[in-house]
Structures are given as C-alpha cells and as structure tokens.
Amino acid sequence: MAPKRTKTNKNPSPEPNGMFSGMVVFLVENGVQSLRLQIWKQKLIQMGATIETRLSKKITHVFAMNSNALLQQMDREQLQRFKGRVLLFQWLEDSLRLGEKVLEDSYYVGVDSEGKGDPVKSPVKESADGNTSGSDEPSPQKKMRSSLEGLVDGADKQNNAVKNSPDSPSSSDSLPFALSSTIMSPRTPRTPSQNSSLPYCPPDLNRNITEIFGKLINIYRAMGDDRRSFSYYKAITVIEKLPYKIESADQVKDLPGIGKSMQDHIQEIVTTGKLSKLEHFETDEKVRAISLFGEVWGIGPATALKLYEKGYRTLDDLKNDDSLTYAQKLGLKYFHDIRTRIPRNEVQEMEQLMQKAGEEILPGVVIICGGSYRRGKASCGDLDVVITHPDGKSHKGFLPRFVNHLKNMKFLREDLVFSIHSEEGTDSGVDTYFGLCTYPGRELRHRIDFKVYPRDIHAFGLIAWTGNDVLNRRLRLLAESKGYRLDDTGLYLATQASGGKRGAKASASLKFDTEKEVFDFLGFPWLEPHERNL
DNA sequence: AGGCCGTACTG
DNA sequence: CAGTACG
DNA sequence: GCCT
C-alpha cells in the first residue's frame with residue numbers, strides 16, 4: 001500500500017472496470033447543489049470516468065440539471081459542434097442507484113439543435129422529453145434549487161427522529177414536498193427517470209447508518225460535546241443525499257464530512273448491522289441519566305452531570321432537588337407537555353389568536369410565527385414569534401402589555417425568561433420573552449418565544465428566528481468571509497464591532513428592509529422559508 | 001494545533 | 001462568571 | 001467528530 005495518492009490528489013481511486021470507465025465528462029454545475037455535485041464527481045471518478053473542467057473534443061458526455069442550466073453555461077453553437085451526449089444528472093443518479101448504467105434514451109437534455117430561434121425548446125419528441133421543465137421555466141436557477149432542495153427533506157426526519165427518539169414516531173413533514181411537486185408536475189406524463197427530477201423522493205437507503213448516527217448526536221450533545229455532535233449531524237446530511245445504499249466504507253471514502261472515524265463506523269454498521277460504540281453508550285447508566293436530564297428545559301450538560309453525581313437517576317429523583325432554578329423546575333414539571341409536538345394547524349390558530357390580541361393593544365403591529373412553523377413543518381416543537389411595528393417606534397413597550405393581555409386570556413401561563421430592552425434604547429432594542437402557553441381550552445403547555453424588533457432590523461430577526469440553525473451558521477460564516485458580522489440584529493462591518501459588545505455599538509447595522517435584500521447582499525441564493533430546512 | 005454562530009438571560 | 005437557550 |  002504505497003500511499004501514492006495522498007491528499008494532494010484526492011482521487012477516489014478510480015477503478016478501471018467501474019461502470020463509468022471510458023467516459024470523459026464535463027459537468028454543467030449551474031443549479032446543482034454543491035454537495036450533490038461533489039458526490040457525483042466522486043462517484044464518477046471512482047467508477048472509472050474522467051472529469052474535464054473544460055469542454056474539449058475528448059468529452060464523451062456532458063451532464064446538466066436541465067436545458068436551461070445547460071444553455072446558461074454553453075452557447076448553442078458549442079452544443080451543435082459537440083459530438084458526445086448531453087444527459088441529465090438524473091441519469092447519473094439513477095445509474096448509481098441501480099448499480100449499472102441505465103438506458104440513456106430518456107435522459108437527453110432537450111435542446112433543439114436546429115432551432116436557432118429560441119433556446120430551450122425541444123420537448124425532445126419521441127425520446128420522452130428529457131425533462132422539459134426548462135422550457136416553461138423562466139428562472140432556471142430558482143427552480144432548480146427548489147427541486148434540489150427537496151433532497152434536504154430527509155434531514156428533517158432525521159432531525160425529528162433525533163429529537164424524540166424515544167417516543168413519537170415523529171411526524172414526517174413532507175409539506176415543502178407536496179408544494180413543489182405540484183408546481184413542477186403540470187402535465188408531463190413521467191417516465192420513471194423524470195419523476196425523480198421532482199423534489200426527489202427520499203428512498204432512505206442508509207437509514208441503518210443515519211439512525212445510529214442520530215442517536216450519537218443526542219448522546220454527545222448531552223455530554224456537552226457539541227462539536228462532535230455537529231460532526232455527526234453533518235455526516236448524516238451527506239449520507240442522506242447519497243443515491244445508493246452504502247455497502248462498504250469505500251463508497252464513502254472521501255465525501256465531505258466523512259473522515260476516518262466515520263468510515264470505520266460505517267464499515268462496522270454495514271457489516272455487523274450495529275455500532276458497538278453506541279451499544280456501549282446505551283447501556284451506560286451515566287450516559288442514560290445525563291441524556292435524560294438534559295432533555296429538561298433549562299438543564300444542560302453541566303447541570304445534568306452535577307445531578308447525576310448527586311446520585312439522581314430518574315426525573316422523579318430531580319423533583320426533590322431544590323438547587324434547580326425556577327425555570328428548570330418548570331421544565332421538569334411540564335416535561336412531557338413541552339416535548340409534545342404541536343400540529344401545524346394549531347400553531348396557525350394560535351398565531352391568529354395572537355395577531356388578534358396584538359391588534360387590540362397596538363393597531364398595525366406585525367406578528368409572525370417563525371421557527372419550524374414558518375419553515376412549513378407539519379408539526380412544531382414550539383412557537384417562535386417575531387414582532388415588529390411598521391411605524392418604527394411603537395413597538396417599544398409593547399411586549400409587557402402584550403404578555404399581560406395574553407396572560408389575562410389564559411393563553412400565556414408561566415414565564416421562563418423575560419427581558420426588556422426597547423424602553424431605554426439600551427442594548428439592541430430587542431425585547432424577548434420565553435414562556436409557556438396553552439392552546440385555547442387545554443392545559444397542555446407549549447414553549448413559546450416572543451422577540452420584538454424595531455422595524456429597521458426586523459428582517460434580521462426574521463431570518464435568525466426562522467432558521468434553521470444550520471442556515472444561520474452558514475449565513476454568519478458567509479458574512480464573516482466577506483468582512484461582516486451577522487446576527488439577529490443586523491449586519492455590521494466586521495472590524496469595528498467585532499471585539500466590543502453590542503451595547504457599545506459604535507456602528508449601526510447596514511439597512512435592509514426585507515430578508516431577500518440580506519440574502520442578496522451576502523450573495524446567498526434566496527430561499528423561501530420552506531426551503532430553509534437545511 | 002486549533003477552529004468549529006453569535007447573543008442574552010439566570011443565578 | 002459559567003451554564004443554558006434560541007434559531 | 002471534521003477540516004485546514
């Protein structure tokens with residue numbers, strides 16, 4: 001084993017006899033989610049293909065998402081001269097899944113080679129139109145994205161599964177799905193290949209692996225090892241996008257976020273069906289207790305450990321402890337209530353209730369339910385309410401009155417955190433409230449958060465509190481890479497505000513009125529709320 | 001070896 | 001200050 | 001845990 005090809009040449013060791021051997025391909029990257037592109041590249045190379053970064057005569061195949069993406073990168077003259085085949089990425093996807101090259105006929109990208117008039121026409125008559133979606137699609141990128149983004153859906157499930165692994169089978173939310181699929185399937189009778197070009201049904205191959213990794217996420221988080229936990233989270237999102245079932249660690253070798261340890265774990269899982277490391281954790285009394293305690297609102301890794309060391313092992317044990325804070329006691333008392341997910345329609349009703357209540361106190365007030373609700377989930381763990389007022393000033397002092405009103409209505413029941421900043425104009429001017437509420441006529445407690453923003457930074461609050469957390473991190477990292485600092489109150493030039501805290505605030509945030517302006521400024525492709533389940 | 005989001009409340 | 005939470 |  002001469003380590004000939006080290007990191008410099010990150011070749012996934014091409015197999016001369018791989019199913020793609022002999023192919024020389026050029027990839028049209030427009031509108032392809034980078035992660036999937038990376039996976040495709042890796043598999044192509046690994047299975048014998050050669051990837052060229054420029055269009056040359058050696059090319060045997062060109063791959064693109066659709067005709068629009070294709071034409072965006074290549075002019076039609078090039079195309080006419082090109083002798084090889086132009087296929088949809090879907091062909092790759094399907095071939096990988098089936099383990100052999102599928103018939104290319106129904107995957108030709110429909111660009112009419114004769115028609116000079118307008119680009120992207122050709123429904124590719126007999127050959128079952130290689131996804132004409134391009135032809136009636138004005139903005140290819142956006143559409144592409146949405147179809148790709150559907151892939152992410154699987155991650156959600158994992159999320160849920162992760163969060164309440166013990167009980168609820170968890171509602172899978174396929175909402176964004178249904179949405180785009182309706183949009184995208186106007187008429188075309190679909191061949192099997194095409195229909196997979198719509199949001200993408202998550203075949204959920206590799207559930208065996210992601211399920212185990214999901215448990216590790218929770219365990220490491222409970223132990224306070226967020227970094228490691230996040231690594232497993234990222235690995236899951238990568239694995240879920242694979243179009244094939246993993247049968248060997250080799251197939252996963254140099255995918256992003258999958259290093260030595262992950263490979264070893266995957267190898268063990270695919271060969272033995274389990275992971276001894278996890279089994280060990282699950283039978284460990286300490287790990288079990290800490291994981292359990294950590295699920296109580298207000299109790300994190302440090303407190304959970306202390307409680308364990310005091311000898312506690314069950315939630316009942318904790319009730320006898322008076323070292324818990326007020327909020328933690330509430331979290332304990334309503335442990336099961338808070339863990340109960342809220343059906344989307346009930347959240348909607350409560351949002352309307354709050355909008356009505358808000359209007360009574362302050363006409364014109366804007367009350368939006370963010371979080372997973374705004375991201376279109378079928379059920380929500382809590383309510384995340386972002387509030388502002390268009391006049392830019394009367395949001396001040398609103399929150400206390402609003403909270404009182406809602407308490408009188410018996411909608412709000414208990415307080416967890418209550419802070420007010422807007423009055424003095426100190427700090428960021430964002431008022432916050434965390435508490436427990438109930439659906440009208442019920443006693444079941446739900447977590448609810450309010451944040452009141454001045455109008456001019458409202459867009460930032462909306463982005464931050466719509467999430468998800470992964471998107472927030474990505475946006476913040478992107479901002480930082482461009483010399484800015486992003487948080488829920490604004491976008492600042494990095495240098496100055498960087499060290500000092502917000503209160504000082506030598507510099508004001510850049511002004512943006514809408515979420516989209518922020519995305520655009522950062523150069524991040526716009527995502528509708530329901531597309532932000534990264 | 002060291003980074004891995006950024007902020008605010010509680011006690 | 002450490003711990004916890006929020007997305 | 002992964003990545004640089």
Across the strands shown, which category fits [X] at heavy-atom distances under 4.0 angstrom: base, sugar-phosphate, nothing?
X	answer
A:F418	sugar-phosphate
A:R447	sugar-phosphate
A:T466	sugar-phosphate
A:K260	sugar-phosphate
A:I299	sugar-phosphate
A:L477	sugar-phosphate
A:L216	nothing
A:N472	base
A:D382	sugar-phosphate
A:D384	sugar-phosphate
A:V296	sugar-phosphate

Report the distance from atom [atom1] of [X] to atom [atom2] of [N], rounded to the nearest whole Å.
X	N	atom1	atom2	answer
A:L436	C:dA5	CG	C1'	14 Å
A:F434	B:dC9	CZ	P	10 Å
A:Q328	B:dT10	CD	C1'	9 Å
A:L486	C:dC6	CG	P	20 Å
A:D254	D:dC2	CG	C1'	14 Å
A:R532	B:dC5	CZ	P	20 Å
A:D225	B:dC4	CG	C1'	12 Å
A:L324	C:dT4	CG	C1'	13 Å

Are OP1 or OP2 of [N] and a side-chain N or O of [X] less than 4.0 angstrom apart?
X	N	value
A:R476	B:dC5	no
A:R227	B:dC5	yes
A:S231	B:dC4	no

(request) Identify the two heavy atoms, one from A:S509 and one from A:F460, that lie closest to each other, and give their separation to 0.1 Å. (result)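 Shortest heavy-atom contact: OG-CE1, 3.6 Å.
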(request) Salt-bridge test for A:K333 and A:E414: reply yes if a basic N is under 4.0 Å from a carboxylate O, no otherwise. (result)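 Looking at A:E414 together with A:K333, the answer is no, because their closest N to O distance does not fall below 4.0 Å.
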(message) Looking at A:E29 and A:K41, is any side-chain nitrogen of the basic one under 4.0 Å from a carboxylate oxygen of the acidic one?
(response)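 Yes, this pair counts.
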Candidate nucleotides [options], ranked by approach to the side chain of [X] - the nearest:
X	options	result
A:V417	B:dG6, C:dC6, B:dC9	B:dC9
A:A302	C:dT4, C:dC6, B:dG6	C:dT4
A:M262	B:dG11, D:dC2, B:dC5	D:dC2
A:W297	C:dA5, C:dT4, B:dG11	C:dA5
A:Y326	C:dG7, C:dT4, B:dG11	B:dG11
A:S261	B:dG6, C:dT4, D:dC2	D:dC2

Are [X] and [Y] close enough that a side-chain donor and a side-chain acceptor fall under 3.5 Å?
X	Y	answer
A:T489	A:D487	yes
A:N206	A:E240	no
A:R532	A:N468	no
A:E528	A:W526	yes

(request) Sticking with atom P, work out how far B:dC5 lies from D:dC3, rounded to a whole angstrom. (result)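 About 15 Å, rounded to a whole number of Å.
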